[in-house]
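Keep in mind that this is a model prediction, so the values were computed, not measured. Any value given below was found using the heavy atoms of this structure, including those in side chains, with hydrogens, waters and symmetry copies removed.
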Amino acid sequence: LGMAAPAALQRSVVSPAGRHTASLIFLHGSGDTGQGARARIKQLLNQDMAFQHIKVIYPTAPARPYTPMKGAFSNVWFDRYKICNDVPEHIESIDSMCQGLTDLINDEVKNGIAKNRILIGGFSMGGGMAMHLAYRFHQDLAGVFALSSFLNKDSAVYQALKRNESALPELFQCHGTADQLVLYSWGEETNKMLKSLGVSASLHTFPNLSHELNRTEIEQLKSWIVKKLPVEAPNTN
């Protein structure tokens, strides 16, 4: 029978209150789960991040050996040689996960949601994963967000954009200046590189915020989400 298809990613879903016309995929940080990311946001907002028309999907990365943890198993979207912006990317693991996440996007498309009504993003490694997925494989998505995230210096994302001619999804980036794990300068450099390659990108700076989410950031993200995915899809005819 050949290779078994990879199992569908487990996911935690917040359904829209009304008619489902858009979808948002939120990718957790390394070692977390979809359920964990959802709970953290719920704690910050005192309620789920929920919308009238947007389904919010929090998938969980499968457990795999993770080099920065000496090969211990962790829920990570891809492997890294180390947590640093000037090492090569572990491209095999990134590309195989892009396939699993493409299946997730295709599920939404099968549900009748156009790709320009789907946003993808995440926290830390989840934001890095989202940038690979959107800018290399799904340039027709509505937008991308990256919270406390970065791309390595010679990222495959930059290589793909150097060859690109088409319009690109907008990027909403947030980063704390006190981040000791993913340095603010790495996020800033990622933002500058993507801008130089034609991405419309904003960078929202949070003084004294370390490697974590905060309420103001999530409120700003929510406003941006509603701007990118307004309640009624414009008529495309």
Do I57 and P59 come close enough that some side-chain heavy atom pair is under 4.5 Å?
yes
Indicate yes or no: at least one non-hydrogen side-chain atom of Q220 is less than 4.5 angstrom from one of E217.
no
Looking at H20 and A22, would you say the former's side chain and the latter's main chain have a donor-acceptor pair under 3.5 Å?
yes
Evaluate the side-chain contact (heavy atoms from CB on, under 4.5 Å) criterion for residues F137 and D95: first the C-alpha distance (whole Å), next the side-chain angles of each, then the deciding distance (0.1 Å), finally the verdict.
CA-CA 10 Å; F137 301 105; D95 286 357; 4.1 Å; yes
Using 0.5 Å steps for rounding, measure from the CG atom of N75 to the CE atom of M125.
10.5 Å
Quick one: closest heavy-atom pair of R163 and Q159, and the distance?
NH1-O, 3.3 Å
Side chain of H204, backbone of L221: donor and acceptor closer than 3.5 Å?
no
Please answer whether the main-chain N or O of Q180 pairs with a side-chain N or O of H211 as donor and acceptor at a distance below 3.5 Å.
no
From Y66, F78, Y81, residue fulfilling ring-ring contact (aromatic ring centres under 6.0 Å, His included) relative to H90
Y81
Would V144 and V109 show up in the same hydrophobic cluster when neighbours are defined by side-chain heavy atoms closer than 4.5 Å?
no
Atom CD1 of I218 and atom CE of M49: how far apart are they, to the nearest 0.5 Å?
6.0 Å
Any F206 side-chain heavy atom under 4.5 Å of L213 side chain:
no
Return yes if some donor-acceptor pair links the side-chain N/O of S149 with the main-chain N/O of L147 below 3.5 Å, else return no.
yes
Would you please indicate yes or no on a ring centroid separation below 6.0 angstrom for F123 and F26?
no
Contact check, side chains of K227 and W224, non-hydrogen atoms, under 4.5 Å:
yes
Taking side chain as C-beta onward, heavy atoms only, is F172 less than 4.5 Å from S202?
yes
Going from NE2 on H138 to SG on C98, what distance comes out if it is rounded to the nearest 0.5 angstrom?
7.0 Å
Can you get from F73 to M97 by hopping between Ile, Leu, Val, Met, Phe, Trp and Tyr side chains that sit under 4.5 Å apart?
no
Would you confirm whether S148, through its side chain, and S124, through its main-chain N or O, come within 3.5 Å as a donor-acceptor pair?
no
Interatomic spacing from CG in N208 to CG in D179 - rounded to 0.5 Å:
12.5 Å
Verify same cluster id: V56, F145 (apolar side-chain graph, 4.5 Å):
yes
Determine whether a donor-acceptor pair (N or O, by modelled atom type, separation under 3.5 Å) exists between the side chain of R64 and the backbone of P62.
no
What I'd like to find out is whether the side chain of R38 reaches to under 4.5 Å of the side chain of V14, using heavy atoms alone.
yes
Donor + acceptor pair across side chains of T33, Q35 (<3.5 Å)
no
Could you walk me through whether L183 and E189 pass the side-chain contact (heavy atoms from CB on, under 4.5 Å) check?
CA-CA 10 Å; L183 302 186; E189 191 179 307; over 6 Å; no
Measure across S155 and E89 and return the closest heavy-atom pair with its distance rounded to 0.1 Å.
OG-OE2, 2.8 Å
Looking at every non-hydrogen atom in both residues, tell me the closest pair between T177 and P207 and how far apart they are.
OG1-CA, 3.3 Å
Determine whether L44 and E219 make a side-chain contact, defined as any pair of heavy atoms from C-beta on separated by less than 4.5 Å.
no
Student check: side-chain heavy atoms of Y58 and I41 closer than 4.5 Å:
yes
So T67 and R80, side-chain contact (heavy atoms from CB on, under 4.5 Å) or not? Walk me through it.
CA-CA 6 Å; T67 302; R80 297 185 189 281; over 6 Å; no
Reported CG-to-CG distance for the pair D154 and N85, which is rounded to 0.5 angstrom:
10.0 Å
Counting distance only, does the side-chain N/O of Q173 pair as donor-acceptor with the main-chain N or O of G187 below 3.5 Å?
yes
Are the side chain of W77 and the backbone of S93 linked by a donor-acceptor contact shorter than 3.5 Å?
no
Show your reasoning for whether side-chain contact (heavy atoms from CB on, under 4.5 Å) applies to Q139 and N164.
CA-CA 10 Å; Q139 296 180 347; N164 176 64; 2.8 Å; yes
Is it true that I94 and M69 fall in one hydrophobic cluster, defined by side-chain heavy atoms closer than 4.5 Å?
yes
Q10 atom CD, neighbour heavy-atom count above 12 within 6.0 Å
no
Under the criterion side chain to side chain contact (heavy atoms under 4.5 Å, CB included), which of L229, I118, I54 is the partner of I113?
I118
On a heavy-atom basis, the closest approach of I120 and A134 is CG2-CB, 4.3 Å
One thing to verify: whether R117 and E108 come together as a salt bridge, which I'm taking to mean a side-chain N less than 4.0 angstrom from a carboxylate O.
no
State plainly whether one hydrophobic cluster holds both L171 and L168, where clusters connect Ile, Leu, Val, Met, Phe, Trp and Tyr through side-chain heavy atoms under 4.5 angstrom apart.
yes
Does the H175 side chain pair with the main chain of V182, one donor and one acceptor, at a distance under 3.5 Å?
yes
Of all heavy-atom pairs between V199 and P169, which one has the smallest distance, and what is that distance?
CG1-O, 3.8 Å
Between Y158 and K153, is there a cation-pi geometry (under 6.0 Å to ring centre, at most 45° from the normal)?
no
Taking every heavy atom of A130 against every heavy atom of L27, the minimum-distance pair comes out as N-CD1, 4.0 Å
Return the CE to OG1 distance between M131 and T190, rounded to the nearest 0.5 Å.
5.5 Å
